[in-house]
Each structure stands twice: as structure tokens, then as C-alpha cells.
Amino acid sequence: MGQTLRLKVNGVERIDEVEPRLLLVYYLREVCGLTGTHVGCDTSQCGACTVLLAGAPVKSCNMLALQAEGASLTTIEGLAAPGELHPLQTAFWEQHGLQCGFCTPGFIMAATALLADNPDPSDEEIGRGLEGNLCRCTGYVNIRKAVKAAGEAVRAGAAAPMGG
Amino acid sequence: MIPAAFEYSRAHSVTEAVAQLREAGPEAKVIAGGQSLLPMMRMRLARPAHLVDVNAVRELDYVRVEDGHLRVGAMTRHVTLARSEVVQRHLPLLAEMASEVGDAQIRSRGTLGGVMAHADAAGDYPTLATMLDAMIVTDRRRIAAGDFFQHLFTTPLDLDELVCEVVFPVAAGPRRYLKFRRRLFDWAIVGAGVQRTEAGWRVGLTHVGPTPVRARGVEAALASGATPVEAAAHASDGLEPTSDVRATADFRLHLARVLTRRALEQAA
């Protein structure tokens, strides 16, 4: 039996009928069609499904869609205007912060929250800030470089670190 | 993995939450942050027929100091505890524990009350509550932490009872909480916490049995002048941990002693 869900996704108001057991990640992918948010481990460990809930990073596989009632969500699609890249997206590209790219949306969303709190994180702070995200092919060295480069870009006055 | 179907209702106050629990019957469960409950439901280890969501119960999201006690609302999230200047000033060990629960995403959602009511043997806050004699306040009574954690995932809470607040004594002296774990975001395989109070050291252990343990042998040894090394040797006194895939019982006893010694040596 469906229940009404009202929320804002990437700045757009939505009203949908959803089943209580629908997880937020499936709501985003299958109801909103926003497939940039990935289902990785499906056991709330890998962080590939990370989105921002009122600016805070959350694992969307570990929340019911109905728990986002009234909230403002940002997914990877909402970080930059169509055709443009957020400084983190540019930095992951330029610093080779990805290989297969499956974990990348989650890393970028978690890193967005990290840089919003701390635009100049140390290696240790980046490690801690991204401890909830796993990469299984590139490793973390270039991801760390990308976050640092994005932090520099943000501090130098590129787009604000917070998306939509 | 998709949870089994359930009914869902959203409460906006404590009164509403209790009424919804009562109406939904014995197969209902409270969902707070959901960071433990949802994984269990997805693996079908839990199949509640009804969830009462208390995330909109704003009256339970607060931190305040009154009469030498730190009162924390049950819906206060880990990230809030970690960043709260009030907690950092009056019970810094709680803020330090909060900053090391799970990972950043889990800390955005998980709550103090949820950890208490869930009563996982590897939970960190239950150890702090037990070693400091905190009180768990529900919609109908106050329960001492020592009576609250009865067994694995087992508390005296009635089926329609809601954890509303945890009342800790303030303590800002030397303290340390150490967890042994394989990965940064894992639960403690064993944890040890120490806190210097006006009445002497309090020492607690995590995941050395079905409930948190107050290491009274270590406290007594310290009170009679033992060094950290001498006192920590008592950390495993009377414990009967079980073996699992992460650690044997003997290794857990070893960890209890070593982590207690390190926590005492590093306490600041």
C-alpha cells in the first residue's frame, strides 16, 4: 500500500506514492530515474549510494524513502548544472581518481560534504571523511589527490562546494 | 536486498509515538536512525510488521546540562554529539566516542537512543552509560544503565515504550576510549573506556560478553594505588566472552587487558 512522499530532489519538488519498504536508493533510481546513485554492496558498507540529505552525507541504501519526507536531497546529478562539472568532478577526472567509476558518485558526494565542513583537509582528514566509501580498483591515492585539488579549486573561488 | 513488507507510521511527538506503538501491537518496532535496524530487516533477520518512525519527534533532539548532569535527547545523532560544544566541554568522552561510531554517513543518521534501545553488545555508548551509572529515561520511567542492558539485544523496555533521554553525570577529567577493530568503520571487536571522575576512575569494557561491563576490579586496584599496568591485569577478571569469527574468547580477554592498560596510559 503506497504512502505519500513529499520531498525535494536536486531542487525539484516531488510528490510520489511509495511503498513503505522502498529504500531511498531505489526511489532515486527507479522512481526519479536518477541512476547516478549506485547500488554497490547493498549492505550499507561501500558508500556507492551516498547522497546528501540537507547537506549531510547518508547511505541511501540504508534509509527508507519515506524517511526523507520533507527533506532536500542532492544526488550526483544535482551537483552542477547540465553540461557543467562540479570542482570535485573536474578534479576526479584530472587526477585520475577513478578507474571503473562505479564508486565515484558516492565518493564525490561524501567528499562534497567533507569539503563543505573543511575546505582544506589533511590526508588524515580525507581518510577519515571518506572512511564510509570503498574503492575496489583505483585505490585511494588519486582519490585523495582529487579531493585536495578540488579543495584548492574551491578555495581559489571556483563554484561553491555545496551542490543544489 | 529488500525488507519484508511492513506498515509505516510517522510520529511527531512522544505521545504520538507511544500511541502508534500501542495501536500497532506487539509486532511493531521503533525506527530511529535505522542504521542497525534496516540492515537487519534487509537480511530478514528482523521482520517487524509495523515501523513507527520517530525521526520527526523534534522534542527528543537536544543536549543540555542541568545539576551536574548531561541530558541528551534520544534522537540526538552521532554527528551532533561529536560536534556539540556542550558535550565536548561536559562529557568529552561521549563526543569522542560519537566521532568514531561507524563512518560519516552512519553518523549523519544514527542516534543515541537508537543505540541504547538496540543494545548491541558491540555498541559504544552502552559501555559509557554503564561505567558512569547513567540513567535511561523512557516515556514512563527511569532505568539505571546497569539494569537496562540485560542480554544481547535485550532490554527491559515494554513493547510500546520509547527511550526518550539518557542522563549522564558530567565528567571532564582524563579519559580515553579505545576500540580494537580491523577497519576504521567496524564495530569494536573489544573496546575499553576509562574516565577519571571526582570519585576515582571508572572503567568499562565493550563486547567482552552479551552486555557492557564495568571493570570494578580495575577501578578498585587503581583506587588502592596500583599502576595502570597492575590495574589493567584485572580487566579480564570474571569475564566469559564467546568466540566468534572475529576473535576467540582468549583473544578477547587479552584485548580487554591490553586496551585497558593503553587507555589508562593514554588518558588525557
Side-chain angles (χ1 to χ4, degrees), chain A residues 1-6 18-26 30 39 41-71 106-107 109-114 116-118 124-134, chain B residues 1-12 24 28-29 31-56 58 75 77-80 82-83 99-111 114 181-187:
Chain A
M1 192 178 65
Q3 292 191 22
T4 306
L5 170 65
R6 290 179 201 79
V18 302
E19 235 197 308
R21 64 171 164 170
L22 183 69
L23 299 169
L24 182 59
V25 68
Y26 292 110
E30 292 169 9
V39 180
C41 67
D42 210 14
T43 54
S44 70
Q45 307 212 20
C46 79
C49 65
T50 300
V51 300
L52 301 183
L53 176 86
V58 299
K59 291 179 179 173
S60 60
C61 80
N62 212 17
M63 245 185 97
L64 302 173
L66 283 171
Q67 291 187 291
E69 170 74 17
F107 264 100
M109 298 316 289
T112 302
L114 170 67
D117 282 340
N118 177 2
E124 158 90 18
E125 287 165 338
I126 294 171
R128 294 230 154 219
L130 302 181
E131 67 194 327
N133 294 75
L134 299 178
Chain B
M1 290 176 290
I2 308 296
F6 54 86
E7 300 289 318
Y8 172 94
S9 59
R10 186 178 294 121
H12 298 85
K29 237 182 139 37
I31 184 165
Q35 300 301 290
S36 292
L37 180 58
L38 281 175
M40 290 175 81
M41 288 174 62
R42 289 159 59 200
M43 289 186 275
R44 310 281 172 119
L45 296 171
R47 294 181 75 135
H50 187 120
L51 286 185
V52 174
D53 185 351
V54 292
N55 281 277
R58 302 267 181 255
M75 281 307 296
R77 300 187 197 274
H78 304 304
V79 64
T80 309
R83 295 179 181 180
S99 72
E100 299 231 344
V101 172
D103 53 45
Q105 289 94 322
I106 287 168
R107 291 192 293 273
S108 295
R109 294 296 297 165
T111 65
R181 47 196 170 158
R182 300 287 179 193
R183 300 174 300 180
L184 204 52
F185 56 84
D186 278 335
W187 295 91

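Lettering of chains follows the sequences in order, A, B, ..., and the numbering in each one begins at 1.
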What distance separates A/Met63 CE from B/Ile31 CD1, expressed to the nearest 0.5 Å? 9.0 Å

What is the distance from atom CD of A/Gln67 to atom CG of B/Asp53, rounded to the nearest 0.5 Å? 4.5 Å

Side chain to side chain contact (heavy atoms under 4.5 Å, CB included), paired with A/Cys61, selected from A/Leu24, A/Val25, A/Thr50: A/Val25

Go through the side-chain N and O atoms of B/Gln105 and A/Asn133 and say whether any donor and acceptor fall under 3.5 Å apart.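 There is such a pair between these side chains.
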
Which region of [X], side chain (C-beta onward) or backbone (N, CA, C, O), has a non-hydrogen atom less than 4.5 Å from a non-hydrogen atom of chain A, or is it both or neither?
{"X": "B/Arg77", "answer": "neither"}
{"X": "B/Leu51", "answer": "side chain"}
{"X": "B/Ala4", "answer": "backbone"}

When the 4.5 angstrom heavy-atom criterion is applied to A/Leu64 and chain B, the contacting part is both

Is A/Leu66 close to chain B through its backbone or its side chain, or both, or neither, when contacts mean heavy atoms under 4.5 Å?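 Both backbone and side chain.
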
Do you know which of B/Met1, B/Arg107, B/Arg42 has the most heavy-atom pairs under 4.5 Å to chain A? B/Arg42

In this structure, are over 12 heavy atoms from other groups packed under 6.0 Å from B/Arg44 atom CZ? yes

